[in-house]
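Down below is the structure, laid out as structure tokens.
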Amino acid sequence: SADERDRFLNEVRLARQSWLLLAFLGLAGFTIVLASNRFYAYQFTYDLTLILVGYFAITHILRNERSLMAFLSLLVAIHMYLAFKVTLGFSPENLTDGYRTDFRAAGSFLGDENDVALAMILILPVAVYLFRQKRSLLARIFWGGASIIIFLAIIFTFSRGGLPEY
């Protein structure tokens with residue numbers, strides 16, 4: 001009905017910045033035709049599209065504090081999985097002159113210990129925030145443990161740049 005359509009349009013009304021980002025995406029898509037190296041122009045447009053999908057998902061799904069806390073909890077849970085892989089995958093036999101020689105935490109860009117340390121350093125304040133925000137004892141124990149595990153993962157990456165960053 002018309003009322004439902006109007007209500008839907010009011011809920012998905014875009015901010016001015018969102019329209020500018022969409023215009024920039026359109027411009028990037030148009031440059032594919034004009035570029036001398038179309039592959040790189042396409043790759044940039046594709047990457048920008050993925051970023052904007054995440055941007056619009058976050059700006060339209062996270063409407064209140066409860067959904068924000070759920071999103072942050074999901075992010076920390078994903079990093080906890082990675083922290084477990086880093087911490088439990090450590091073995092003293094893998095050290096050569098104090099350096100870790102076989103780092104296998106995850107695929108993609110997280111195959112390097114410095115990148116994993118950076119990911120852990122970025123999520124650690126969020127885990128501490130969740131720990132401090134929760135009121136129940138069980139939730140505080142869980143998020144406090146998550147913070148400790150993530151901190152241990154930073155140490156077990158043996159990243160020379162990771163520990164001083166913290």
Side-chain angles (χ1 to χ4, degrees), residues 1-29 43-90 103-159 161-166:
S1 74
D3 290 338
E4 291 176 6
R5 184 175 51 89
D6 290 340
R7 192 172 340 133
F8 175 75
L9 290 176
N10 285 335
E11 288 180 10
V12 294
R13 181 164 288 148
L14 295 178
R16 188 177 321 154
Q17 295 85 352
S18 298
W19 283 110
L20 287 173
L21 288 171
L22 286 174
F24 184 63
L25 179 64
L27 180 65
Q43 201 63 36
F44 174 79
T45 305
Y46 179 79
D47 292 342
L48 182 62
T49 302
L50 292 179
I51 291 169
L52 290 181
V53 165
Y55 164 78
F56 283 112
I58 290 171
T59 58
H60 285 77
I61 293 173
L62 304 179
R63 293 292 188 165
N64 54 32
E65 186 177 352
R66 184 175 182 186
S67 62
L68 175 65
M69 292 297 264
F71 178 73
L72 292 177
S73 300
L74 177 65
L75 278 179
V76 172
I78 290 169
H79 283 78
M80 277 180 53
Y81 168 74
L82 181 61
F84 273 120
K85 286 189 75 168
V86 169
T87 308
L88 298 176
F90 172 73
F103 193 82
R104 283 185 235 110
S108 182
F109 71 96
L110 293 177
D112 180 53
E113 61 271 8
N114 296 321
D115 295 334
V116 173
L118 176 65
M120 294 294 128
I121 288 166
L122 289 175
I123 204 67
L124 184 60
V126 177
V128 172
Y129 169 76
L130 290 173
F131 165 72
R132 293 181 50 90
Q133 287 296 105
K134 299 300 177 181
R135 296 289 168 233
S136 73
L137 180 64
L138 189 61
R140 289 181 65 89
I141 290 171
F142 179 78
W143 294 116
S147 301
I148 291 169
I149 290 167
I150 290 170
F151 181 72
L152 287 175
I154 295 169
I155 294 171
F156 281 120
T157 59
F158 285 87
S159 170
L163 200 55
E165 293 295 326
Y166 174 70

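Below, each value reflects all heavy atoms present in this structure, side chains not excepted, and no hydrogens, waters or symmetry copies. Every value quoted in this text rests on a predicted model; they were computed, and no experiment measured them.
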Donor-acceptor pairs under 3.5 angstrom involving side-chain atoms of residues 14-24: please list them, not counting sequence neighbours.
unit_1: S18; atom_1: OG; unit_2: Y55; atom_2: OH; d: 2.8

**OP:** Quick one: pull up CZ in F56 and CD1 in I51 and give me the separation to the nearest 0.5 Å.
**Re:** 12.5 Å

**OP:** Using the side chain to side chain contact (heavy atoms under 4.5 Å, CB included) rule, take L82 and I78 through it: C-alpha gap first, then chi angles, then the decisive distance, then the call.
**Re:** CA-CA 7 Å; L82 181 61; I78 290 169; over 6 Å; no

Subject >> Shortest non-hydrogen contact from A28 toward T45 >> reply: O-OG1, 3.0 Å

Original post:
Is L74 atom CG crowded by more than 12 heavy atoms from other residues, nucleotides or ligands, each under 6.0 Å away?
Top reply: yes

Subject >> Interatomic distance, F142 atom CZ to M80 atom CE [nearest 0.5 angstrom] >> reply: 4.0 Å

**OP:** Find the distance between CE (M120) and CG (D115) and round it off to the nearest 0.5 Å.
**Re:** 11.5 Å

Below 3.5 Å, can you tabulate the donor-acceptor pairs from side chains in residues 123-137 to any protein atom, sequence neighbours excluded?
unit_1: S136; atom_1: OG; unit_2: A139; atom_2: N; d: 3.3

Only pairs under 3.5 Å count here: list side-chain donor-acceptor contacts from residues 143-151, not counting sequence neighbours, and write none if there are none.
unit_1: S147; atom_1: OG; unit_2: W143; atom_2: O; d: 2.9

